[in-house]
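The next block holds one structure in the form of structure tokens; read it before the comments.
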There are 2 protein chains.
Amino acid sequence: MALHAAAKQTETDPTEVVPDLETLIGYNMKRAYVAIQKDFRAALGEGGLSPRTFSALSLVVAHPDISQSSLARMLGIERSGLVAIIDELEHRKLLTRSVMPGDRRIQALMATPDGRVVYHDTLATVQAHEDRLLADLTAAEKETLMQLLKKIRLTDREST
Amino acid sequence: MALHAAAKQTETDPTEVVPDLETLIGYNMKRAYVAIQKDFRAALGEGGLSPRTFSALSLVVAHPDISQSSLARMLGIERSGLVAIIDELEHRKLLTRSVMPGDRRIQALMATPDGRVVYHDTLATVQAHEDRLLADLTAAEKETLMQLLKKIRLTDREST
DNA sequence: CGCATATTGTTAACTAGGTAAACAGTTTTG
DNA sequence: CAAAACTGTTTACCTAGTTAACAATATGCG
């Protein structure tokens with residue numbers, strides 16, 4: 001625990017010897033996350049999908065006939081919170097709910113052809129904006145960042 | 001309709017032919033950010049400071065006699081949103097508001113001795129938990145991650 | 001000086017994105 | 001069959017912000 005070293009007198013000394021926020025991964029992660037999310041919304045404009053709605057659509061495209069409960073688990077949110085998201089996607093005619101034959105509790109989710117098109121277009125748009133936002137990073141740096149982020153995500157033992 | 005076969009393919013195929021969420025920095029950033037934030041709250045327990053309250057306290061410790069407006073700008077939030085945060089810190093007796101001589105509009109913020117102690121203790125606690133959460137990363141990887149995150153943050157041209 | 005304009009802290013109303021609890025319909029299990 | 005569990009849903013609530021308005025105060029300028 002050499003980390004908690006110099007706690008110097010900060011009363012009138014503005015020279016910032018104090019260990020501060022900037023040394024925390026969490027703080028820098030939040031700043032970066034906010035910047036990227038802002039970019040995402042700017043990329044999709046006024047009537048565009050929100051990040052969470054896009055994530056949901058993406059998973060429905062990748063997993064046809066998925067149930068809302070499974071989808072909620074994948075997204076890491078409660079299934080009650082997913083209802084509004086699916087309502088929105090259904091209203092935009094990007095997916096359909098249909099009763100699962102064999103288990104009438106389940107509403108199987110399926111992306112419409114429109115939904116698949118919107119998904120691919122949106123993904124391309126977001127990727128283009130991310131590339132612009134991250135223009136200061138080399139391809140190798142982006143790859144490194146991606147792998148480090150995935151490593152952190154894996155250490156989150158709660159999210160099934 | 002003709003895509004039935006293709007749809008069925010992705011159903012059980014984990015090889016991910018479809019470009020997906022995982023290729024987006026933003027998605028992986030969010031997952032990592034959520035994991036770290038959860039860890040932060042767990043580290044500080046039930047009655048602990050929230051991330052934003054800790055950030056505010058940190059900046060007040062580093063910048064004695066700062067005004068609420070300047071602090072809000074540093075935090076990247078509206079000054080109206082800062083009022084509740086400062087209220088909480090004042091109630092916990094971790095800082096004081098005092099009228100700035102020379103400009104009676106300004107409430108100069110100053111951390112109390114208690115506030116400085118709580119700040120340093122909290123920082124140490126959070127750092128320890130981050131170290132545990134990020135145990136899979138080497139020191140070099142953590143340093144790299146930090147620098148890449150700061151690079152992204154810098155590209156956020158709006159926050160002034 | 002006087003007056004328009006700007007700034008500060010604050011409140012109020014609103015939004016986004018969730019959680020937790022309860023519920024009816026529908027399996028599943030003992 | 002009865003009890004337990006699961007699914008989608010509604011309802012009430014929470015957190016962390018935003019925007020708009022406001023009074024008090026400060027500043028620029030003719």
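Letters go in sequence order (proteins before strands), and every chain restarts at 1. Owing to the predicted nature of the structure, the values given are computational and were not obtained by experimental measurement.
The nearest pair of heavy atoms linking A:Asp65 to A:Ala108 is OD1-CB, 3.7 Å. Closest heavy-atom contact between A:Asn28 and A:Leu21: ND2-O, 4.4 Å. Of all heavy-atom pairs between B:Ile85 and B:Ala56, the closest is CG2-CB, 3.7 Å. Counting all heavy atoms, side chain and backbone alike, A:Leu133 lies closest to A:Ile36 at CD2-CG1, 3.7 Å.
With rounding to whole Å, B:Glu78 atom CD is found 13 Å from C:dG9 atom P. D:dG8 atom P lies 12 Å from atom CG of A:Asp65, rounded to whole Å. The distance between atom CZ of A:Arg73 and atom C1' of D:dG8, rounded to the nearest whole Å, is 13 Å. Whole-Å rounding puts the A:Leu82 CG to C:dT19 P distance at 11 Å. Rounding to whole angstrom units, CG of residue A:Asp103 and P of C:dT29 are separated by 12 Å. Regarding A:Arg52, its CZ atom lies at a distance of 10 Å from the P atom of C:dT19, rounded to whole Å. The nearest whole Å value for the distance from the CG atom in A:Asp87 to the C1' atom in C:dA16 is 16 Å. As a whole-Å value, the separation of B:Leu49 CG from D:dA16 P is 12 Å.
Of the residues listed (B:Arg73, B:Gln107, B:Arg97, B:Arg79), the one engaging B:Gln68 in a side chain to side chain donor-acceptor pair (under 3.5 Å) is B:Arg97, and it is the only one.
Ring planes of A:Phe54 and A:Tyr119: parallel class, angle under 30° (limits at 30 and 60°).
Proximity of A:Arg97 to the phosphate of D:dT9: a side-chain N or O atom is located under 4.0 Å from OP1 or OP2. For the pair B:Arg105 and D:dA26, the criterion of a side-chain N or O lying under 4.0 Å from OP1 or OP2 is not met. One finds a side-chain N or O of B:Gln68 lying less than 4.0 angstrom from the OP1 or OP2 phosphate oxygen of C:dT10. Residue B:Ser69 places no side-chain N or O under 4.0 Å from the OP1 or OP2 atom of C:dT7.
Out of D:dG17, C:dG18, C:dG9, the shortest distance to the side chain of B:Lys30 is found at C:dG18.
Taking five base pairs at each end of the helix from C:dC1-D:dG30 to C:dG30-D:dC1 and finding the rotation axis that steps the C1' atoms of four pairs onto the next four gives two axes whose angle is 10°, to the nearest 10°.
Mapping A:Arg104 and A:Gln37 onto DNA chain C via the closest heavy atom, the residue that lands nearer the 5' end is A:Gln37. Positionally, the nearest nucleotide of DNA chain C for B:Val83 lies more toward the 5' end than for the other of B:Val83 and A:Gly102. Comparing B:Pro51 and A:Gln107 against DNA chain D, the residue whose closest nucleotide sits nearer the 5' end is A:Gln107.
Judged by distance alone with a 3.5 Å cut-off, a donor-acceptor contact links the side chain of B:Ser80 to the base of D:dT19. The base of D:dG8 is paired with the side chain of A:Arg79 by a donor and an acceptor separated by under 3.5 Å.
Taking a cutoff of 4.0 Å between a charged side-chain nitrogen and a carboxylate oxygen, B:Glu130 and B:Lys142 do not qualify as a salt bridge.
For the pair B:Thr53 and B:Leu89, the minimum side-chain heavy-atom distance is below 4.5 Å.
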